[in-house]
Structure formats: C-alpha cells, structure tokens
Amino acid sequence: MSVVGQERAVITALRRLCILFRRIFLHYIEQKIVFPPTSETKAKSPQEKVAQWMWKQYKLFRQTLCTFLAGNDDWSWELSIKTLLELTKKESEYFPQRSRLLSQMFAEVFAAMLVTRKEELDADLLLVFRSEVFNYADCVYHSLRVLFDFVTELKSTVKREGRDNGSESMSIAVQNAVDLLRMIDVPDEIDPDNFYIPLGLGADVDDEESRGSDDDNSDDDDSSVEDRKAITADARKNKRKASSLLGKRKSEEAADKKQNKRKRSQNVVSLSAYQKLFSKVWIHSLSLPMSMSMHKTLLKHISDHVLVRLHNPLMLADYLTQCYNLGGVVAVLALESLFTLILRHNLDYPHFFESLYRLCTLRILNAKHGIKYMKLLHMSLRSTNIPASLVAAFIKRLAGLALQVSAPRVAFCLAQITWLLRQHRTCQVLVHRKPKRVTSSEEDAAAEGGLAEQATTGADKQFVLEQDEDLEHSGALQSSLWELEALENHFLYDVAQLATALRDPMSTSVGNVPIDVEQYIQQASTYQELIDSDLNRRPKKNAAMAYRLPTALLVGGTDSATSLVGQSGSGVAPPTTFAGRLLAQQEEAARAAQGQRVLGRVFDW
C-alpha cells in the first residue's frame with residue numbers, strides 16, 4: 001500500500017472511531033451512566049467507580065476533539081465541532097441542573113484554537129465555525145462571552161509584558177482572536193426558535209451560586225443548635241431577633257440572586273445585550289497590538305459588518321481618527337467608516353475637508369483602493385455648504401492630477417470637475433480666465449519687493465498643487481484651469497470630449513443635464529477593462545476609407561502600371577448626365593484594358 005493509501009486508511013479509521021465514541025457517549029448520557037461526580041471523595045460502590053471512570057473517558061474524548069480543532073487535519077474540523085455540540089446539547093437535556101454548558105464548551109474549544117495552536121487559523125476552519133456554530137443565536141452570545149474573557153486576558157498580558165515586547169505566539173493569538181471575531185455577526189432579531197439549546201434546558205447561573213444557599217442554611221442550623229445549648233433564656237430572645245434579621249437579609253440576597261438569574265436569562269433573548277457584548281469585545285480587541293496588514297483587514301470589515309451592529313458606533317471614533325491621521329491607504333479605508341459616523345451619527349470632525357484634500361494624491365488615485373476613495377470624495381463634495389475657495393482648491397487639485405494619473409482614472413477627474421462647476425457657479429471663472437501676462441519690468445519690480453511668486457503667475461496669490469493647509473486662502477479662485485488645453489489633446493476620446501465640453505459655457509450651466517460621476521467611477525478600473533470596453537463599443541457608422549467618392553479602380557496616367565488607386569486623383573467632379581456617365585464608363589473601360597496590357601508586359605503574360 002502506498003503512503004497516500006495508508007494516510008487515507010488512517011483518516012477513515014479515525015473518523016469511524018469518532019463516530020463510534022460519539023454514539024457510545026450519547027447513549028450513556030441518556031442512560032445517565034456518564035455524569036459528573038457529586039464530590040471529590042473516593043468512590044466506594046462499584047457503580048460510583050464505573051461512573052467516575054466513564055466521566056474521565058468522556059472528558060478525555062472531548063479533549064481529543066479539541067486537539068483536532070487545534071491541528072491541521074481539515075477532515076476532522078467539522079466532525080469535531082458537530083460532535084462537541086451534540087454532546088453538550090445532550091448533557092443539557094438530561095442534566096438540566098448543570099449550567100453554562102455552552103460557555104464551558106466554547107472555553108475549551110477556544111483555548112485549544114487560540115492558545116495551543118501555534119499558527120494562524122485556516123480559512124476553512126473559520127468557515128466551518130461560521131456555518132455550523134455562529135448561525136445559532138445562543139452560540140453567538142456564549143462565544144462572545146468567552147472571547148471577551150480571552151481578549152481581556154490578552155490585554156492584561158500585553159500591559160504586563162509591554163506593548164513592544166510581544167512574542168510571536170502573542171501576535172499569533174491576537175491574529176486568531178481577531179479572525180474568529182470577524183466570523184461572528186449579531187443577528188437582526190433574536191428568535192428563540194433559532195437557539196441550539198432550547199431556553200428551558202439548564203439554568204443560567206453557576207453551580208456555586210445554586211449550592212450557596214443550601215450550604216448557608218445547613219451551617220446556620222448547626223450553629224443555632226449549638227447556641228441553644230450554650231446560652232441562656234435572655235440570649236435566646238436576642239438570638240431570635242438576630243435570626244429574624246438574618247432571615248430578612250437572606251431573603252433579600254435570595255431575591256437579588258433570582259433577579260440576577262432572571263437578568264442573565266433575559267440577556268440571551270435581548271438584542272441590546274447582544275449588541276453591548278459585541279461592542280465590548282470589538283473595543284477591547286482594537287486596543288491589542290496589531291500589524292498594519294491586520295489594521296487594513298479590520299478597517300475593511302468594520303465599515304460593512306461592525307458599525308451597523310454596535311450599540312454605540314461613536315465608540316470607534318478614536319480608533320478611526322487615529323487610523324485616518326496615519327495617511328495613505330489606511331486613511332482611505334478608515335475614511336468610509338468615519339464618513340458614516342459624520343453623516344449618520346453627527347460626529348464632529350474638525351478640518352475634515354482639509355484631510356480629504358490631503359489624501360487626494362497621485363499615489364491614492366492609482367492605488368488598489370483608489371475607487372473607494374473616488375466614491376467617498378464624490379459623496380463628501382455633494383454638500384452645498386462648502387466655501388467656493390475650498391471647491392476651487394479641489395478643482396485645481398483634480399485638474400493637476402488628471403495630467404499625471406493613469407488613463408482609467410482621468411475621466412473621473414474631469415467628470416468630478418464638471419459636476420463641481422455646475423453646482424458652484426462662482427468657480428466657473430476658472431475655466432475662461434486667462435493667465436495674466438507679466439512684463440519683464442513688472443517681474444523685476446516684483447522680485448525686488450519679494451513678490452517673485454506673484455510675478456510668475458500674475459495672480460494675487462499663487463496656487464500650489466501640493467499645498468494642504470489653509471485651503472480657503474490658497475488662491476485657487478484667482479488661478480485658471482490651464483490644464484484643460486493639454487487634456488483636449490488626450491489620446492482617450494472620452495477624456496478629450498469632456499475637456500473640450502468644459503470650454504462651452506452651456507456645459508457648465510446649472511440647468512444642464514447633470515453628469516453621472518458614478519458611471520465614470522465604475523469605468524476607472526484597469527487598462528484591460530478600458531481596452532475591452534472600447535473594443536466592445538458598437539460603432540454608429542462605418543469608418544471612412546477615403547476623403548473623396550471613388551469613381552474607378554484604375555486611374556492616373558497611361559504610362560504607369562502602378563496607378564491602382566481607390567479615388568479620383570484629378571479632383572474633377574463626376575458627370576451628372578446620362579451621356580456623360582456613359583462616356584466616363586467607356587473611358588474607364590479603355591483605361592482598364594490598357595492597364596491589363598501594361599501588366600501583361602511587366603509580368604510576361
């Protein structure tokens with residue numbers, strides 16, 4: 001047998017053993033042969049010895065399943081998690097006095113996956129959890145509780161060891177915890193029918209809490225018997241008063257315990273409890289040390305799946321602001337979530353447009369996530385309360401970048417400029433203003449007065465493309481869109497048409513048909529898609545092959561055999577009368593016959 005055949009045989013045997021032990025333990029749980037020991041004392045009867053031995057084997061089997069989840073054998077992942085869930089559900093059915101079985105099961109599983117495992121979680125394993133576990137509401141709730149405890153422990157470890165002294169195992173644990181958290185999603189509504197373990201099975205309090213009242217009562221009974229033997233009649237009266245006070249206190253404590261128990265049971269069916277727990281886990285997870293690639297992954301996930309599920313989305317404002325201040329691609333990814341907080345949750349972000357202008361660079365527009373930035377830029381500039389000087393600065397920045405950006409993104413720049421000019425009529429002076437000519441004497445006088453910068457442009461203040469501070473006084477309104485003259489000769493037809501249309505006053509009028517900027521954003525993808533769209537475009541009419549109407553196949557002089565042209569070289573208009581057309585046909589026939597004779601002499605026919 002080959003090595004591959006031996007591996008398959010081993011895997012088949014292990015799968016059958018897992019299925020066999022699952023059936024055995026499910027049967028023994030139903031028969032109440034497998035149950036946790038009531039005390040740590042040594043068993044005396046044979047039944048107790050068998051029960052203790054079976055309980056040890058049952059725990060060993062569960063540990064083996066958790067070891068499979070921590071390993072790299074993909075065949076065992078789905079089988080292991082399904083087996084653990086079935087055993088936990090069966091325990092809750094036949095041992096309802098046991099509490100928090102799901103939390104204990106997830107604590108064992110996550111300890112094996114996040115602590116024991118020394119490498120990153122496989123994507124297939126995460127998908128197994130998402131499809132088999134996290135589609136149940138109660139599994140989501142208990143998983144979040146266990147993850148919150150694990151993340152809190154990680155935070156304390158990082159604080160104790162130092163943020164910069166994290167080991168490789170610590171970074172892997174953080175990565176695995178965040179990846180597992182990304183698979184969890186809070187449901188839109190809590191349906192009790194979607195619980196893996198029904199609500200009526202098992203209590204939601206700890207075993208120590210349920211046993212506490214009985215232990216206290218037994219101790220009080222013993223102490224009361226001893227006191228009655230030792231004290232006098234007067235002391236007995238005081239004892240009665242004290243016991244009545246103690247009874248009231250115990251009744252109050254019991255009522256508090258029942259209330260806490262009721263609260264915990266209500267949390268499982270309360271959507272706000274899910275959202276609060278989900279928010280706590282995410283806030284604590286984002287404070288862990290992560291690499292830049294992890295931050296990028298989280299920012300892409302937060303905008304689509306986290307913000308809408310949080311109890312208070314403004315809790316992420318500090319994290320998103322810090323990422324936005326980093327600049328680059330990270331700032332673009334944080335911009336979408338930050339824009340959502342500003343638009344829907346009234347986040348006050350000072351100097352937002354200055355930061356947005358700072359991101360409008362050649363590197364961002366040509367980047368992989370440049371399309372996301374284009375969409376957010378267009379949405380941000382839709383506001384009609386933006387000052388004209390700020391709008392002019394964006395127009396000048398986009399016009400300057402249109403000369404340098406890659407070809408698929410040039411059309412967006414011009415489309416956005418056209419949209420801004422139609423919405424803000426004050427900025428239309430940029431299109432038709434001509435740069436002021438400066439004489440040499442004025443230039444020398446300006447240079448002597450320290451105004452060389454103004455002399456080079458002729459404007460009140462020169463607009464610098466790279467300037468990103470104090471945009472309202474940048475001098476953009478005193479500049480001009482001289483870039484349009486170069487873009488009119490662009491090799492892309494759409495770009496040249498947009499640049500030429502800006503010269504027409506009617507194209508920038510407010511009453512004109514609004515331009516669809518989002519259409520140009522979708523087209524600004526890659527060169528391959530640009531070429532494919534151009535090749536698949538239907539021509540409205542056939543391309544012209546000559547600039548004059550052809551009148552014959554062979555025209556020209558009679559001495560040349562190479563006068564094979566497709567149009568008339570004489571420049572004479574074709575005849576219009578019937579006699580003229582007949583004469584022309586005869587002449588063409590004679591020229592054709594002469595051409596045949598010339599070709600015959602050349603090629604020796």
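All residue numbers refer to positions in the sequence shown, counting from 1. Not measured: the values here are computed from a predicted model.
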[X] side chain to [Y] main-chain N or O, any donor-acceptor pair under 3.5 Å?
X      : Y      : value
Arg15  : Trp75  : yes
Asn176 : Leu114 : no
Ser92  : Lys89  : yes
Arg130 : Ile184 : no
His284 : Lys280 : yes

Residue of the set Asn366, Leu530, Thr526 for which side-chain contact (heavy atoms from CB on, under 4.5 Å) holds with Pro408: Leu530
Would you say that [X] contacts [Y] through its side chain, given a criterion of any heavy-atom pair below 4.5 Å between the two side chains?
X      : Y      : value
Phe134 : Asp185 : no
Ser76  : Leu14  : no
His305 : Arg182 : no
Leu69  : Leu84  : yes
Leu335 : Leu356 : yes
Lys155 : Ser287 : yes
Leu365 : Cys413 : yes
Cys139 : Phe106 : yes

Closest approach of [X] to [Y] (non-hydrogen atoms, all atoms of both residues):
X      : Y      : answer
Tyr527 : Ala407 : OH-N, 3.3 Å
Phe195 : Ala137 : CE1-CB, 3.4 Å
Asp348 : Pro350 : O-CD, 3.6 Å
Leu277 : Arg145 : CD2-CG, 3.5 Å
Leu398 : Cys360 : CD2-SG, 3.9 Å
Val174 : Pro289 : CG1-O, 3.8 Å

Whether Phe110 and Phe129 hold their rings parallel, tilted or perpendicular, with breakpoints at 30° and 60°: tilted
Parallel, tilted or perpendicular: rings of Tyr141 and Tyr274 (30°, 60°): tilted
Residue pairs passing the salt bridge (Lys or Arg N to Asp or Glu O under 4.0 Å) test where at least one lies in residues 317-341, sequence neighbours excluded: Glu336-Lys372
With His351 via ring pair (Phe, Tyr, Trp, His ring centres under 6.0 Å) - residues at least two apart: none
Separation between [atom1] of [X] and [atom2] of [Y], rounded to the nearest 0.5 Å:
X      : Y      : atom1 : atom2 : answer
Ser285 : Leu154 : OG    : CG    : 8.5 Å
Leu101 : His142 : CG    : NE2   : 9.0 Å
Leu181 : Ser143 : CG    : OG    : 10.5 Å
Leu271 : Arg309 : CG    : CZ    : 9.0 Å
Arg397 : Leu359 : CZ    : CG    : 9.5 Å
Asp179 : Leu298 : CG    : CG    : 8.5 Å

Check against side-chain contact (heavy atoms from CB on, under 4.5 Å), Gln57 and Leu60: CA-CA 5 Å; Gln57 304 308 313; Leu60 182 61; 4.1 Å; yes
side-chain contact (heavy atoms from CB on, under 4.5 Å) between Leu310 and Met315, worked out: CA-CA 9 Å; Leu310 292 180; Met315 299 168 66; 5.6 Å; no
Phe21, CZ: over 12 other non-hydrogen atoms inside 6.0 angstrom: no
Neighbour count above 12 (heavy atom, 6.0 Å) for Glu153 CD: no
side-chain contact (heavy atoms from CB on, under 4.5 Å) evaluation trace for Phe68 with Thr64: CA-CA 6 Å; Phe68 284 156; Thr64 304; 4.1 Å; yes
Salt bridge Glu518-Arg382, side-chain N to carboxylate O under 4.0 Å: yes
Ring centroid separation Trp419 to Phe412 under 6.0 Å: no
Sub-6.0 Å ring centroid separation between Tyr349 and Tyr324: yes
Verdict with reasoning, Ile19 to Arg23, per side-chain contact (heavy atoms from CB on, under 4.5 Å): CA-CA 6 Å; Ile19 296 172; Arg23 293 177 179 176; 3.8 Å; yes
Option passing ring-ring contact (aromatic ring centres under 6.0 Å, His included) with Tyr58 (candidates Trp53, Phe25, Tyr28): Phe25
Within 45° cone and under 6.0 Å: Lys32 NZ/CZ vs Tyr94 ring: no
